[in-house]
There are 2 protein chains.
Amino acid sequence: RSCSRVARAKVLTIDTMNPTVKNAKYAVRGPIVARAAELERELNEGMKKPFDEVIKANIGDAHAMGQQPITFFRQALAICSYPELLNDSTFPEDAKSRAYRILQSCGGNSMGSYSASQGIDSVRQDVARYIERRDGGVPSDPDNIFLTTGACDGIMTMLKLLVCGEGPTRTGIMIPIPHYPMYSATLVELAAVQVNYYLNEEKCWSVDISELKRALDEARHYCNPRALCIVNPGNPTSQVETRQCIEDVIRFAAKERLFLMADEVYQDNVYGHGCRFHSFKTVLFEMGPEYSNTMELVSFHSTSKGYMGECGFRGGYMEVINMDDEVKAELTKLLSVRLCSPVPGQALVDLVFNPPQPGEPSYDNFIKERTAILSALEEKAKLTEQVLNTVPGISCNPVQGAMFCFPRITIPEKAMIEATEQGQQPDVFYCMKMLEEAGICVIPGSGFGQKEGTYHFRMTILPPIDKLQILLNKVKEFHQKFTQKYS
Amino acid sequence: RSCSRVARAKVLTIDTMNPTVKNAKYAVRGPIVARAAELERELNEGMKKPFDEVIKANIGDAHAMGQQPITFFRQALAICSYPELLNDSTFPEDAKSRAYRILQSCGGNSMGSYSASQGIDSVRQDVARYIERRDGGVPSDPDNIFLTTGACDGIMTMLKLLVCGEGPTRTGIMIPIPHYPMYSATLVELAAVQVNYYLNEEKCWSVDISELKRALDEARHYCNPRALCIVNPGNPTSQVETRQCIEDVIRFAAKERLFLMADEVYQDNVYGHGCRFHSFKTVLFEMGPEYSNTMELVSFHSTSKGYMGECGFRGGYMEVINMDDEVKAELTKLLSVRLCSPVPGQALVDLVFNPPQPGEPSYDNFIKERTAILSALEEKAKLTEQVLNTVPGISCNPVQGAMFCFPRITIPEKAMIEATEQGQQPDVFYCMKMLEEAGICVIPGSGFGQKEGTYHFRMTILPPIDKLQILLNKVKEFHQKFTQKYS
């Protein structure tokens with residue numbers, strides 16, 4: 001329908017709004033989550049439900065699940081907020097010195113000043129040094145670091161830069177299926193062409209080069225594929241890619257002239273036996289100058305995941321490698337229109353990537369807190385896989401990394417028919433029932449994309465272990481009842 | 001140029017990037033500001049310049065200019081960051097109770113959790129109550145409040161919602177000239193049509209209904225004008241619109257079926273003799289149900305301006321009035337893709353719009369700090385107008401509100417010729433010279449738009465009064481020398 005002026009009550013209606021916004025889908029905060037919030041309200045108002053509480057396992061929100069913040073980060077952030085605390089003897093010296101350094105880099109020594117659009121200089125320096133340590137000495141230039149409002153902001157910004165052309169020359173962006181739906185929502189908004197490549201569920205959701213090739217070749221008939229997005233460790237699929245796989249992906253991208261976007265926000269969340277995180281950048285540099293001098297790569301990271309789980313601060317960064325200088329200037333300009341990313345988030349980025357060192361007063365406690373969180377996550381990853389795989393009709397790949405499981409579920413024929421009658425995808429129908437009957441909020445696989453005829457859901461592994469055990473037992477019980485009812 | 005694949009070193013180049021991003025301009029952080037940063041580095045490295053320091057009067061960044069944060073806000077934010085401080089007897093009880101209430105509304109009682117995409121419930125409630133107090137009891141519904149990442153985020157989001165159609169049905173957005181260039185940059189990015197209406201410099205930069213009508217009628221030949229943006233108090237033009245003007249604008253927008261966007265971020269910054277801030281919403285409701293039941297209005301506000309000047313926290317909100325329910329749902333979805341606005345910014349929004357009350361321990365100090373800042377701003381507004389108007393060739397309207405002056409300057413013929421030879425706008429040439437010769441960084445009027453043949457610059461009035469005095473004297477001296485040199 002056109003959006004020309006007609007005599008109608010409202011200027012802005014569903015029919016006259018931006019159609020690309022309307023067409024975007026974002027299941028992670030969609031109708032199931034809205035219904036979960038409603039159920040919570042109903043419970044609070046005393047309505048009777050078949051459950052006592054709604055467990056929101058729909059999102060990777062660690063603190064909401066009871067994880068405690070890392071003391072050191074919060075002490076330093078408190079000092080940054082209220083610098084009088086520099087004189088408080090109960091605060092450790094390392095928190096004070098970090099906060100002092102951050103404040104020295106802020107205009108007027110206040111987090112209330114705008115920073116440079118690219119981010120505070122000293123924070124970008126600390127990030128670059130962190131990357132060098134992580135990557136065994138591969139150099140990192142602070143000029144290539146851009147601080148962002150969470151990782152999404154960086155990803156959306158890069159996608160925006162990449163989009164051009166019309167019709168068959170319109171930019172195509174290759175994304176994994178299943179994928180975190182921020183990607184597809186952003187591509188719809190940008191009117192870019194989403195080019196799907198399927199992760200291999202049989203091989204623990206790994207990236208398959210022949211599948212990349214198939215997807216690319218098909219896409220070239222109708223668009224101009226220019227970038228390849230890889231999420232490692234995966235979301236919602238939790239796989240950790242091997243070094244060999246990453247090398248193959250880089251070779252593929254180089255040969256096919258694709259800009260590489262590596263979403264590496266779960267780099268500290270690796271639990272799988274024999275798994276290790278390899279940054280795209282390290283592998284790129286190990287492959288020699290033929291690759292490291294030319295391949296365009298951007299890597300995204302965030303303070304929202306890892307062991308710190310500080311989602312609310314919206315801290316993040318991206319590192320761009322081999323980006324054209326003129327484009328880099330345009331990137332800075334694009335970021336400058338929204339002035340700067342939130343300074344408290346930038347301060348947190350600094351703290352996370354420049355944490356207490358051996359010998360500093362907060363070191364022991366920092367290590368203790370970090371280790372406890374990461375060990376618990378590892379235990380929860382194993383528990384989740386193990387319990388779910390005891391349920392007939394559920395099969396779950398090992399949770400090698402990240403914060404989610406993405407089990408495959410068998411939905412009985414009769415349930416599929418009832419779903420169709422209600423105009424719902426079968427897995428939406430399944431997840432809605434799980435919410436209404438067991439009070440568990442998970443996201444249907446269709447929100448992430450999945451091979452036709454297969455069904456999944458995404459669930460976080462973040463609840464405390466005793467609660468996770470209850471949650472998994474409820475899922476098990478629900479699945480058995482559901483299967484029985486519809487068989 | 002097309003962006004099809006050709007044999008070229010980089011995938012992403014200036015020729016193959018998103019052309020709308022490339023075409024966007026944003027002078028507030030443009031080449032002059034970059035050169036100012038360079039000059040600062042050169043001074044630090046010991047290079048000799050005709051000045052000792054660069055004074056960056058280009059942006060409304062209060063804390064960077066030495067303004068101190070409001071103690072109460074920062075105390076409460078420190079507690080929110082590090083809740084152990086709830087047990088610290090040196091913190092006042094009202095800061096503790098505010099922080100406690102904010103934390104109670106956060107998932108897991110932590111600012112590290114994601115909030116609802118629309119913002120924390122209790123914060124939106126506090127904002128709604130603030131609006132009701134401000135508007136003498138006109139009701140405000142927390143469901144109509146959306147917390148944003150600074151005001152820009154809200155403005156960009158609303159503009160994005162409004163854009164549709166192609167060619168002559170493409171959405172047109174009416175914006176003032178001169179205007180804050182975030183508007184034009186966003187419109188270019190969205191490929192919307194910018195419809196200019198000129199503020200009346202002779203009448204202290206006020207909005208003129210006949211000019212609105214002229215602009216609208218012309219625009220209807222080539223686009224579909226759907227929204228009217230008003231910035232009150234103005235940026236860069238500092239005018240405070242009269243109640244009558246606002247009523248006339250509402251009547252005009254109603255008659256012409258335009259969605260009203262009121263950028264009211266400077267509502268606490270009013271200094272002009274006889275000037276008062278009238279919110280669009282109050283005036284709308286005073287005009288009776290014919291208007292208040294139907295007119296679509298969105299108003300933007302921020303924690304970055306006013307007396308608090310907390311730019312770095314990126315806090316803000318928008319209130320939507322009479323928005324179609326389906327569109328509101330789409331707005332929420334659109335916001336949800338970036339998950340939520342930064343929670344520390346949301347916390348600050350709560351504090352700013354629910355400040356200490358009479359009888360609370362922080363009240364007296366809060367009032368003292370706020371009054372000192374606002375009185376100083378008033379004094380600086382008057383000083384600026386007065387000093388600039390003593391300079392032949394500079395004429396400056398009263399700084400009625402906001403944080404800027406936007407004086408008109410006479411540029412001698414010879415300077416215009418030299419500018420043209422250097423491929424620069426005359427006012428860019430002028431401001432560049434002011435930077436190189438006097439170390440003063442201001443933004444040329446062409447970055448905001450101005451009537452052809454007129455020249456201006458924007459300068460903040462934020463430096464401390466003694467420094468502002470120096471700054472104004474330097475501007476005076478520079479202008480005299482410049483005029484002499486080119487006469």
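Everything numeric in this text was worked out from a predicted model, so none of it was measured. Just so we're on the same page: letters track the sequence lines, and every chain starts at 1.
By the salt bridge (Lys or Arg N to Asp or Glu O under 4.0 Å) test, B/Glu40 pairs with B/Lys56, sequence neighbours left out. In this view, A/Lys328 satisfies the salt bridge (Lys or Arg N to Asp or Glu O under 4.0 Å) rule with no residue, not counting sequence neighbours.
Chain A forms more heavy-atom pairs under 4.5 Å with one residue of B/Thr149, B/Leu190, B/Leu161 than with any other, namely B/Leu161. Among B/Ala76, B/Ser113, B/Gly66, the residue with the largest count of heavy-atom pairs under 4.5 Å with chain A is B/Ser113. Among B/Gly112, B/Ala185, B/Gly107, the residue with the largest count of heavy-atom pairs under 4.5 Å with chain A is B/Gly112. Note on B/Leu348, B/Thr294, B/Asp153, B/Asn322: by heavy-atom pairs under 4.5 Å with chain A, the leading option is B/Asn322. When B/Lys333, B/Gln68, B/Gln346 are compared by the number of non-hydrogen pairs under 4.5 Å with chain A, B/Lys333 comes out ahead. Most heavy-atom pairs under 4.5 Å with chain B: of the set A/Gly108, A/Ala62, A/Ala64, this distinction falls to A/Ala64.
Remark: B/Glu310 CD to A/Ser110 OG distance equals 5.5 Å, nearest 0.5 Å. Put simply, CE on B/Met182 and CG on A/Leu339 are 8.0 Å apart, with the number rounded to the nearest 0.5 Å. Distance check: B/Tyr82 OH to A/Ser81 OG gives 13.5 Å after rounding to the nearest 0.5 Å. Put simply, CE on A/Met17 and OG1 on B/Thr171 are 11.5 Å apart, with the number rounded to the nearest 0.5 Å.
Using a 4.5 Å cut-off between heavy atoms, B/Thr20 makes no contact with chain A at all. For B/Leu85, the part sitting under 4.5 Å from any heavy atom of chain A is the side chain, from C-beta outward, and nothing else. Contacts of A/Thr332 with chain B are absent, with no heavy-atom separation under 4.5 Å from either backbone or side chain. Contact of B/Phe91 with chain A is made through the side chain alone, with heavy-atom distances under 4.5 Å. Contacts of B/Glu296 with chain A are made by side-chain atoms alone, with heavy-atom separations under 4.5 Å and no backbone atom involved. Contacts between A/Met308 and chain B at a heavy-atom distance below 4.5 Å are absent for every atom of the residue. Within the 4.5 angstrom heavy-atom criterion, atoms from both the backbone and the side chain of B/Pro342 approach chain A. Residue B/Arg74 touches chain A through both its backbone and its side chain, counting heavy-atom pairs closer than 4.5 Å. For B/Cys152, the part lying near chain A is the side chain, with the backbone staying farther off; criterion is any non-hydrogen pair under 4.5 Å. In this structure, no portion of B/Cys106 lies under 4.5 Å from any heavy atom of chain A. Neither the backbone nor the side chain of B/Met295 comes within contact range of chain A; no heavy atoms are under 4.5 Å apart.
Taking every heavy atom of both residues into account, A/Glu330 and B/Lys22 meet most closely at OE1-CA, 3.4 Å. Listed here is the closest heavy atom pair of B/Tyr114 and A/Ile59: CD1-CD1, 3.8 Å. Taking each heavy atom of A/Asp88 and B/Asp88 in turn, the nearest pair found is OD2-OD2, 3.6 Å. The minimum heavy-atom distance between B/Cys164 and A/Pro19, with the atom names listed, is CB-CD, 3.8 Å.
A distance-only check finds a donor-acceptor pair linking the side chain of B/Arg226 to the backbone of A/Thr16 [under 3.5 Å].
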Between A/Arg314 and B/Cys340, is the side chain to side chain contact (heavy atoms under 4.5 Å, CB included) condition met? List the steps. CA-CA 8 Å; A/Arg314 315 306 300 120; B/Cys340 66; 4.1 Å; yes
Criterion side chain to side chain contact (heavy atoms under 4.5 Å, CB included) on B/Leu12 and A/Leu162, from CA distance to verdict: CA-CA 7 Å; B/Leu12 186 61; A/Leu162 278 158; 3.9 Å; yes
Show your working on side chain to side chain contact (heavy atoms under 4.5 Å, CB included) between A/Leu334 and B/Glu189 and close with a plain yes or no. CA-CA 9 Å; A/Leu334 178 57; B/Glu189 259 188 51; 3.0 Å; yes
